[in-house]
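Read the structure below first, then the notes.
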Protein chains: 2
Amino acid sequence: MDELDSEIVRILQANARISNRELARMIGVAPSTCLERVRALTRRGVIRGYHADIDLKALDRGVQALVALQIRPLSRAVIDAAIGYVSTLPEVIGVFTVAGGDDIVLHVAVRDLEDLHAMLLDRLSKRPEIAGFRTSVIFEHVRNRVLTPLSIIDPSGS
Amino acid sequence: MDELDSEIVRILQANARISNRELARMIGVAPSTCLERVRALTRRGVIRGYHADIDLKALDRGVQALVALQIRPLSRAVIDAAIGYVSTLPEVIGVFTVAGGDDIVLHVAVRDLEDLHAMLLDRLSKRPEIAGFRTSVIFEHVRNRVLTPLSIIDPSGS
DNA sequence: TCTGAAATGTGTTCAAT
DNA sequence: ATTGAACACATTTCAGA
């Protein structure tokens, strides 16, 4: 992960469909060199894939929520089963396993509030290991899609 | 958004760097047709971009957390200012504005627990509008990167 | 490791349907 | 809207530095 690799990673996060030639031009190496760098990054697992970002409203899934679950009893088997279950739900677009008052936080995207309500009642309430949940409707979700190593940046907090 | 568009969207979410020819072959149309479909989807805002997925550990940011913030006083101006502020923080990889007990939920990725602690103290505690926060360290985060319209799927909750 | 050049394959346009 | 064919351009390989 030298300077060139960091630049490649930065640019491909911003635009995964840039051509290899353009990418090579931007970082100042030959296309063949650039191609080999990208392949090495992929081989090493640094680049994990390339994904189109789709407007959730276009999928008729404009309503999002965070749902914090409490799991009981809190054994590995039970928590693994709960994670396995919620991961199969089509409404769920992300699963966080966390430490603290909650055990699992779901990021869900559904059509409307009615579907959200139905999902909570029909899919979560009936599971005995889900002892409780708190739902927070999301007004807005902004993601930073271009992540850099933090060490570069001012660590003083000023 | 007919059947062909849905297929395109599905495939590009799974692999954004697929060639247009291969994509055309998979959905059974000519490359020129496929190209025009993809362009139309982009023009209409359905496809919002293409992004490489990078391993956070490779960026030396293997520790993630959700940080739920309470903002006071809860006016539009204050909440907008808070969102604007947290969005500038390099540690923050996602910002959820939510309804409920919390006002903002941050998704952060840092090097280690020490950096997390420093971020909370140096960057959040000193902001007067941040009246309190709860931090949940993330053990695991799984995302579903291929989202489909929900209407296709069994709505009974069975 | 990087490069330039050759070969193979692809993106893109356009006239026709 | 979709197509096939043509052209320009890109990806990929590989021998040599």
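Naming: A, B, ... by sequence-line order, numbering from 1 per chain.
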Kindly say whether, by distance alone, the side chain of A:Ser32 makes a donor-acceptor pair under 3.5 Å with the base of C:dG4?
yes

Distance check needed: D:dA1 C1' versus B:Arg44 CZ, whole Å only.
13 Å

Heavy-atom nearest nucleotide on DNA chain C taken for A:Glu36 and for B:Arg39; more 5' hit belongs to A:Glu36

Using a heavy-atom cut-off of under 4.0 Å over every strand shown, decide if B:Arg17 touches base, sugar-phosphate, or nothing.
nothing

State whether the side chain of A:Asn20 and the backbone N or O of A:Pro31 hold a donor-acceptor pair below 3.5 Å, judged by distance alone.
yes

Please work out whether the ring planes of B:Phe96 and A:His141 are parallel, tilted or perpendicular, with thresholds of 30° and 60°.
parallel

Closest approach to the side chain of A:Thr33, judged atom by atom: which nucleotide of C:dT3, D:dT12, C:dT12 is it?
C:dT3

Between C:dT13, D:dT12, C:dT3, which nucleotide gets closest to the side-chain atoms of B:Leu35?
C:dT13

Looking only at side-chain atoms of A:Ser19, point me to the closest of D:dA10, D:dT2, C:dT3.
D:dA10

For A:Arg25 and C:dT3, what is the distance between atoms CZ and P respectively, to the nearest whole Å?
15 Å

Using heavy-atom distances to pick each residue's nearest nucleotide on DNA chain D, tell me which of A:Pro31 and B:Ala30 is more 5'.
B:Ala30

Does some side-chain heavy atom of A:Leu124 sit less than 4.5 Å from a side-chain heavy atom of A:Leu89?
yes

Could A:Arg37 and A:Asp2 be called an ion pair, given the rule that one side-chain N must be under 4.0 Å from one carboxylate O?
yes

Is any side-chain nitrogen or oxygen of B:Arg21 closer than 4.0 Å to OP1 or OP2 of C:dT12?
no

